[in-house]
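Source: prediction; values computed, not measured.
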Amino acid sequence: IIGGLTQEETRIIAPYVQNLATPFLSLSSTTTDVKGSQIFRAFPAPKDLTSYLVETSKKKNLKTIAVLKPNGFESDVLLRNLRESAAEQGLQVGAVGTYTPGQYQSMETAARSIFQLLPGQRQGELKQLIAEEKVKAEKKGYGFNPDMVVLPPRINFDAVFIPDDFRTLR
């Protein structure tokens with residue numbers, strides 16, 4: 001198992017890997033007290049991690065990365081380092097959505113923000129789309145409910161970086 005970027009993740013995973021005799025490579029630089037015959041450590045500095053992320057993104061011909069991040073110091077450091085590495089290597093960091101971990105509404109709002117789907121955004125485009133869909137419905141003799149019309153997401157990026165706990169990403 002490779003993972004456990006945070007102390008909490010490492011502490012959760014460690015007992016399981018010992019019992020299952022499964023090698024575990026912890027990436028948490030702050031968890032040095034968790035020990036076991038199956039536990040190994042490798043932890044890049046945040047700057048190295050983001051530099052490698054940018055380098056790999058460039059190799060894959062990505063131009064812009066959006067970020068969905070939890071609020072907090074660690075993800076702020078990663079974002080700052082990502083922006084610095086991206087600027088050095090010619091990659092753009094696009095939209096950034098910040099959420100409170102464990103609060104679904106906050107997470108949804110952050111995701112909607114990077115796709116420009118928040119209420120009030122793109123009102124002119126929404127009105128035009130509603131008018132077009134109404135005409136289509138009338139031509140086909142269907143009923144029409146403007147609340148069922150939704151804008152497509154605006155995707156101005158090639159990938160989304162989410163520096164968060166693996167359980168959040170499930």
| For atom CZ of Phe144, is the number of surrounding heavy atoms from other residues, nucleotides or ligands below 6.0 Å larger than 12? |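 Yes, the 6.0 Å shell around CZ holds more than 12 heavy atoms from other groups.
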| message | Quick check on Lys47: does its NZ atom have over 12 non-hydrogen neighbours (other residues, nucleotides or ligands) under 6.0 Å away? | response |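 Atom NZ in Lys47 is packed in, count exceeds 12.
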With a 4.5 Å limit on heavy-atom distance, are the side chains of [X] and [Y] in contact?
{"X": "Phe161", "Y": "Leu53", "value": "yes"}
{"X": "Lys63", "Y": "Gln92", "value": "no"}
{"X": "Glu132", "Y": "Ile130", "value": "no"}
{"X": "Leu79", "Y": "Val67", "value": "yes"}
{"X": "Glu125", "Y": "Leu151", "value": "yes"}

| Candidate pair Glu8 and Ile12, rule side-chain contact (heavy atoms from CB on, under 4.5 Å), full reasoning | CA-CA 6 Å; Glu8 181 183 7; Ile12 291 170; 4.0 Å; yes
Pair [X] + [Y]: basic N to acidic O under 4.0 Å:
{"X": "Glu88", "Y": "Arg83", "answer": "no"}
{"X": "Lys136", "Y": "Glu133", "answer": "yes"}
{"X": "Asp158", "Y": "Lys60", "answer": "no"}

With a 4.5 Å cut-off on side-chain heavy-atom distances among I, L, V, M, F, W and Y, is there a chain of contacts connecting [X] to [Y]?
{"X": "Leu91", "Y": "Val96", "answer": "yes"}
{"X": "Val160", "Y": "Met107", "answer": "yes"}
{"X": "Phe115", "Y": "Leu62", "answer": "no"}

| task | Of all the heavy-atom pairs spanning Pro101 and Asn71, show the shortest one and how long it is. | result |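 Looking at all heavy atoms of both residues, the shortest contact is CD-OD1, 3.6 Å.
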Donor-acceptor contact present, side-chain [X] to main-chain [Y], <3.5 Å:
{"X": "Ser75", "Y": "Pro70", "answer": "yes"}
{"X": "Ser51", "Y": "Asp48", "answer": "no"}
{"X": "Gln121", "Y": "Leu117", "answer": "yes"}
{"X": "Ser57", "Y": "Glu55", "answer": "no"}

| said: Could you check whether Tyr104 and Tyr99 have their ring centres less than 6.0 Å apart? | reply: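 No.
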